[in-house]
> 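Quick one: this structure, given as structure tokens, is what I'll be asking you about.
If you're wondering where the values come from, they're calculated on a predicted model, not measured in any experiment.
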Protein chains: 2
Amino acid sequence: MESLWKAMADDSRREILLLLGKKKMTPSELAGHFQFTPPALSSHLRILRNADLITEQRLGKNRYYSLDERKSLEMIDFFEKMWGYKMNSLKEFIENKERKKKHE
Amino acid sequence: MESLWKAMADDSRREILLLLGKKKMTPSELAGHFQFTPPALSSHLRILRNADLITEQRLGKNRYYSLDERKSLEMIDFFEKMWGYKMNSLKEFIENKERKKKHE
DNA sequence: TAAACAATTAAATAATTGTTTAATTGTTAT
DNA sequence: ATAACAATTAAACAATTATTTAATTGTTTA
């Protein structure tokens with residue numbers, strides 16, 4: 001497992017992404033939203049991390065995971081090829097948002 | 001298998017989508033681009049069809065498959081939730097293109 | 001330093017998904 | 001009707017992915 005698309009294919013992983021989109025969380029905190037055993041959750045987080053969909057930040061005992069925004073561009077690129085659209089406006093939108101974040 | 005995201009997760013299926021985006025094709029025609037046995041290809045086409053990513057049109061002995069554009073909206077919706085963006089401009093873009101096609 | 005905690009990795013098992021071979025359905029042409 | 005073709009479905013098998021239990025790593029606190 002390593003592909004972006006395979007990482008997105010799992011229902012629970014997409015839910016994790018939605019949760020991490022709201023705020024960064026530790027695995028323990030995430031666990032409250034699912035039925036997972038800790039290793040199962042850990043495995044999903046590793047898959048999301050390998051796909052660069054989330055980033056990890058270690059702080060003492062805890063690890064904080066948060067959404068890594070860069071990857072959506074790659075999927076948008078696929079839609080662009082698929083439909084032949086030029087989705088530049090969307091790409092610029094996302095890229096601008098990223099640039100803003102960096103300067104916060 | 002039935003989910004949109006699982007249908008998208010397979011590399012070959014995404015390639016099929018790119019090919020069908022260019023023009024409608026029969027399975028025999030598609031087969032030229034892959035190593036699949038006919039049943040394997042048929043299985044992928046069924047998965048894409050169940051996910052409403054492609055449509056089937058029977059014509060005599062042949063079946064023509066083509067890209068069904070409606071589904072991309074559902075994935076865009078997910079990105080919208082995930083990033084909290086309002087992607088209305090993109091949605092309108094796609095919806096307009098659809099409306100145009102209908103009147104061709 | 002020892003105990004407790006957060007989270008992971010490893011190894012085994014369970015579940016899902018993909019591919020093959022064989023048999024079937026429906027269509028055209030002779 | 002029957003032969004040939006396009007594509008599918010069914011059933012068995014192969015491969016991949018997910019989940020569990022057990023063991024491990026690193027961090028804090030008593």
> Any side-chain donor-acceptor pair under 3.5 Å between Tyr64(B) and Gln57(B)?
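There is no such pair (donor and acceptor under 3.5 Å, judged by atom type) between the side chains of Tyr64(B) and Gln57(B).
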
> Would you say that Trp5(B) contacts Arg14(A) through its side chain, given a criterion of any heavy-atom pair below 4.5 Å between the two side chains?
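They are in side-chain contact.
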
> Does His44(B) make a side-chain N or O approach to OP1 or OP2 of dT19(C) shorter than 4.0 Å?
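Yes, because at least one side-chain N or O of His44(B) sits under 4.0 Å from OP1 or OP2 of dT19(C).
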
> Within the 4.5 Å heavy-atom criterion, are Asp68(B) and Leu48(B) side-chain neighbours or not?
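When only atoms from C-beta onward are counted, Leu48(B) and Asp68(B) do not touch, as no gap falls below 4.5 Å.
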
> Taking only side-chain nitrogens and oxygens of Arg58(A), does any of them come within less than 4.0 Å of OP1 or OP2 of dG26(D)?
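No, because none of the side-chain N or O atoms of Arg58(A) sits under 4.0 Å from OP1 or OP2 of dG26(D).
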
> Do Leu53(A) and Met82(B) make a side-chain contact, defined as non-hydrogen atoms from C-beta onward lying under 4.5 Å apart?
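Yes; the side chains approach each other to less than 4.5 Å.
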
> Hey, which sits more toward the 5' end of DNA chain D by its nearest nucleotide, Lys61(A) or Lys61(B)?
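Final value for this comparison: Lys61(B).
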
> May I ask you to evaluate whether Thr37(B) reaches the phosphate of dT20(C), defined as a side-chain N or O under 4.0 Å from OP1 or OP2?
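Yes, because at least one side-chain N or O of Thr37(B) sits under 4.0 Å from OP1 or OP2 of dT20(C).
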
> Between Lys6(A) and dT17(D), is there a contact of a side-chain N or O with OP1 or OP2 at under 4.0 Å?
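It does, given that an N or O in the side chain of Lys6(A) lies less than 4.0 Å from OP1 or OP2 of dT17(D).
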
> On DNA chain D, does the nearest nucleotide to Leu41(A) precede the nearest nucleotide to Gly60(A) from the 5' side, or the other way round? Give the residue.
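Result of the comparison: Leu41(A).
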
> When we call it a touch if two heavy atoms are under 4.0 Å apart, what does Pro39(A) touch: a base, just sugar-phosphate, or nothing?
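If one applies the 4.0 Å heavy-atom cut-off, Pro39(A) turns out to touch a base.
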
> Would you please confirm or rule out a distance under 4.0 Å between OP1 or OP2 of dA6(D) and any side-chain N or O of Tyr65(B)?
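Indeed not, no polar side-chain atom of Tyr65(B) lies that close.
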
> Is Arg46(A) near enough to dT8(C) that one of its side-chain N or O atoms lies under 4.0 angstrom from OP1 or OP2?
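Result: no.
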
> Any base atoms under 4.0 Å from Tyr64(B), or only sugar-phosphate, or nothing? Heavy atoms, all strands.
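Answer is nothing: Tyr64(B) stays at 4.0 Å or more from every strand.
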
> Does dT27(C) have its OP1 or OP2 closer than 4.0 Å to a side-chain nitrogen or oxygen of Arg63(B)?
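Looking at the OP1 and OP2 atoms of dT27(C), neither is under 4.0 Å from any side-chain N or O of Arg63(B).
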
